[in-house]
Amino acid sequence: MDYTSSEELCPVCGDRVSGYHYGLLTCESCKGFFKRTVQNNKGYVCVENQKCRIDKAQRKRCPFCRFQKCLKVGMRLDAVRANRMRGGRNKFGPMYKRDRALKQQRKAQAEALLASPREPTDSTDYVYSELHYGPLGDCRGPGQPRVPLFVLELVRCDPDEKVVQSKIRQSLQQHKLQWKKPGSPSLFSIMFVLAEQTLLSIIEWARTSVFFRQLQVSDQMTLLHNCWSELLLLDLISRQVLKGKEGHFFSSLDMKDGPGAGSGALLECALSSQYMGRFTQLLQCMSEIHFMSTLVEDYLWSKHESGEVLCNSLLIEMLHAKRSGI
DNA sequence: CATCAAGGCCAC
DNA sequence: GTGGCCTTGATG
Ligand SMILES: [Zn+2]
Ligand SMILES: [Zn+2]
């Protein structure tokens with residue numbers, strides 16, 4: 001199989017993937033490392049903080065952290081055979097097949113969307129679902145973790161996701177109907193509507209949230225003006241993390257003129273967040289999110305100046321407020 | 001018979 | 001120990 005075409009990287013060290021190994025796509029070296037470690041019951045010790053960065057250049061330096069990362073990304077101990085029996089297939093065979101089919105299907109969809117910039121194909125539904133605005137699954141996860149009371153209070157103020165989604169769907173439908181230019185709505189216009197409506201729901205959420213609603217309105221405005229783009233990004237990223245296993249949309253989208261062309265940073269952020277639920281790690285992401293938000297704002301501003309965006313939009317209004325306020 | 005992931009081999 | 005390449009063998 002040829003994995004060179006698809007931009008698949010080893011989730012452990014970032015090296016080139018050579019196939020499915022012990023549960024997922026990894027490189028040849030991590031396959032061998034995992035095998036040796038499990039077969040020989042190797043015990044490693046980390047001489048640092050057990051948080052060593054594992055990449056292609058440094059993976060040899062700390063076997064402990066490397067093995068820890070192998071387990072973290074989902075390599076399966078039970079795929080290493082105790083009998084050392086060679087060849088054949090194990091119980092993961094069907095899973096590999098399904099995963100492969102899924103990846104290929106997604107890739108084909110993305111390519112179809114990108115290969116037809118002028119086609120009358122309507123990408124509204126595709127973008128909507130690919131950004132994980134789709135039907136809400138169980139995002140809470142199985143085990144109910146212990147949560148501080150004030151967080152519960154905040155969560156209680158959450159708007160009904162179904163209501164939010166139905167509003168967004170209505171806006172998209174309306175956008176589709178009102179599209180005057182020939183062909184179907186452009187990718188940018190679709191994402192603009194999505195962002196606009198999402199921002200509306202975010203502001204509505206903020207205004208009704210406990211604590212925030214007790215602030216003076218002028219302070220509320222100042223806060224929102226200052227961080228609306230970060231909130232939008234957080235909303236977007238959280239959708240990818242909670243609902244999407246792979247962020248193929250962005251990696252394949254690579255909006256040529258988009259914010260931070262080939263915005264790998266956001267994708268990395270979303271993907272790596274998949275396994276980090278901790279506050280400190282979230283904080284570490286914030287600087288990156290802030291950086292992305294500046295790119296997003298610059299991008300929107302350029303679109304606005306070139307007249308490709310309606311002036312009476314909330315997004316542009318927020319942009320103006322922020323730029324004039326600073 | 002082709003596939004392809006699992007184990008084996010062995011220069012480095 | 002590492003990792004590129006080889007051999008194996010159940011599955012479809
Ligand atoms: Zn690797
Ligand atoms: Zn370490």
Side-chain angles (χ1 to χ4, degrees), chain A residues 1-112 114-115 130 142 240-241 243-252 262 264 267-268 270-276 281:
Chain A
M1 207 76 226
D2 183 34
Y3 296 97
T4 52
S5 54
S6 53
E7 175 62 41
E8 296 282 359
L9 298 178
C10 174
V12 179
C13 73
D15 202 352
R16 256 174 31 101
V17 157
S18 72
Y20 287 90
H21 303 295
Y22 308 107
L24 41 72
L25 289 169
T26 75
C27 73
E28 191 68 17
S29 74
C30 288
K31 164 202 162 191
F33 170 78
F34 191 77
K35 181 187 67 178
R36 285 193 302 273
T37 302
V38 178
Q39 278 181 342
N40 305 321
N41 281 93
K42 287 282 175 65
Y44 305 118
V45 199
C46 175
V47 295
E48 294 290 329
N49 312 302
Q50 310 195 346
K51 289 180 178 175
C52 304
R53 302 283 167 257
I54 304 297
D55 56 34
K56 186 180 178 182
Q58 302 188 343
R59 65 191 177 200
K60 281 195 277 196
R61 217 152 73 175
C62 184
F64 178 89
C65 292
R66 189 182 187 180
F67 188 59
Q68 188 158 287
K69 191 163 181 188
C70 284
L71 296 174
K72 188 175 118 188
V73 302
M75 291 182 80
R76 306 279 307 231
L77 291 164
D78 53 346
V80 179
R81 298 166 180 167
N83 316 339
R84 302 207 158 193
M85 201 173 296
R86 305 171 72 190
R89 306 273 100 151
N90 59 17
K91 62 174 175 177
F92 297 108
M95 191 258 281
Y96 296 148
K97 209 178 71 178
R98 275 186 292 109
D99 193 57
R100 186 175 273 129
L102 193 78
K103 282 183 155 66
Q104 185 178 327
Q105 179 182 320
R106 283 176 167 248
K107 193 179 148 197
Q109 276 187 71
E111 275 171 5
L114 293 173
E130 199 63 19
Q240 312 311 306
V241 172
K243 301 288 299 297
K245 299 303 179 199
E246 293 105 39
H248 277 257
F249 184 73
F250 285 107
S251 55
S252 58
L267 180 62
E268 281 302 313
L271 289 182
S272 64
S273 301
Q274 206 176 119
Y275 300 102
M276 45 166 87
Q281 287 157 326

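If you're wondering where the values come from, they're calculated on a predicted model, not measured in any experiment.
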> How many Å lie between CZ on A/Arg81 and P on C/dG9, as a whole number?
Replying inline: 10 Å

> What distance do A/Tyr20 atom OH and A/Met95 atom CE have between them, rounded to the nearest 0.5 Å?
Replying inline: 8.5 Å

> Short question: side chain of A/Asp55, backbone of A/Ala57 - any donor-acceptor pair under 3.5 Å?
Replying inline: yes

> Of the nucleotides B/dA6, C/dG3, C/dT2, which has the atom closest to the A/His21 side chain?
Replying inline: B/dA6

> For A/Arg89 and A/Glu28, take the nucleotide of DNA chain B holding the closest heavy atom to each; which residue's nucleotide lies nearer the 5' end?
Replying inline: A/Arg89

>> Any side-chain N or O of A/Tyr3 below 4.0 angstrom from OP1/OP2 of B/dC4?
In response: no

>> I need the single residue from A/Met75, A/Gln39, A/Arg36 that forms a side chain to side chain contact (heavy atoms under 4.5 Å, CB included) with A/Val80. Which is it?
In response: A/Gln39

> Is there a donor on the side chain of A/Arg36 or the base of B/dG7 sitting less than 3.5 Å from an acceptor on the other?
Replying inline: no

>> Return whichever of A/Lys31 or A/Lys60 has its heavy-atom-nearest nucleotide of DNA chain C closer to the 5' end.
In response: A/Lys60

>> Counting only side-chain nitrogens and oxygens, does A/Gln39 get under 4.0 Å of the OP1 or OP2 atom of B/dG8?
In response: yes

>> Using a strict heavy-atom distance below 4.0 Å, which residues from residues 45-58 of chain A are in contact with DNA chain C?
In response: none

> Hey, does the side chain of A/Arg100 come within less than 4.0 Å of B/dA5's phosphate (OP1/OP2), counting only N and O?
Replying inline: yes

>> Using side-chain contact (heavy atoms from CB on, under 4.5 Å), reason through A/Phe64 and A/Gln50 one step at a time and then give a plain yes or no.
In response: CA-CA 8 Å; A/Phe64 178 89; A/Gln50 310 195 346; 3.7 Å; yes

> Does A/Tyr96 place a side-chain N or O at less than 4.0 Å from the phosphate oxygens OP1/OP2 of C/dA10?
Replying inline: no

>> At 4.0 Å (heavy atoms only), tell me whether A/Arg66 reaches a base, stays on the sugar-phosphate, or touches nothing.
In response: sugar-phosphate

> Do side-chain atoms of A/Arg98 reach the backbone of A/Tyr96 as a donor and acceptor pair under 3.5 angstrom?
Replying inline: no

>> Applying side-chain contact (heavy atoms from CB on, under 4.5 Å) to A/Cys30 and A/Asp15, what does each step give before you reach the verdict?
In response: CA-CA 9 Å; A/Cys30 288; A/Asp15 202 352; over 6 Å; no

>> Mind checking if A/Gly19 touches a base, just sugar-phosphate, or nothing, with heavy atoms under 4.0 Å?
In response: sugar-phosphate

>> Counting distance alone, no hydrogens or angles: does the base of B/dG8 have a donor or acceptor under 3.5 Å from a partner atom on the side chain of A/Lys35?
In response: yes

>> When you measure from the centre of the six-membered ring of A/Phe33, is the NZ or CZ of A/Arg59 closer than 6.0 Å and no more than 45° off the axis?
In response: no

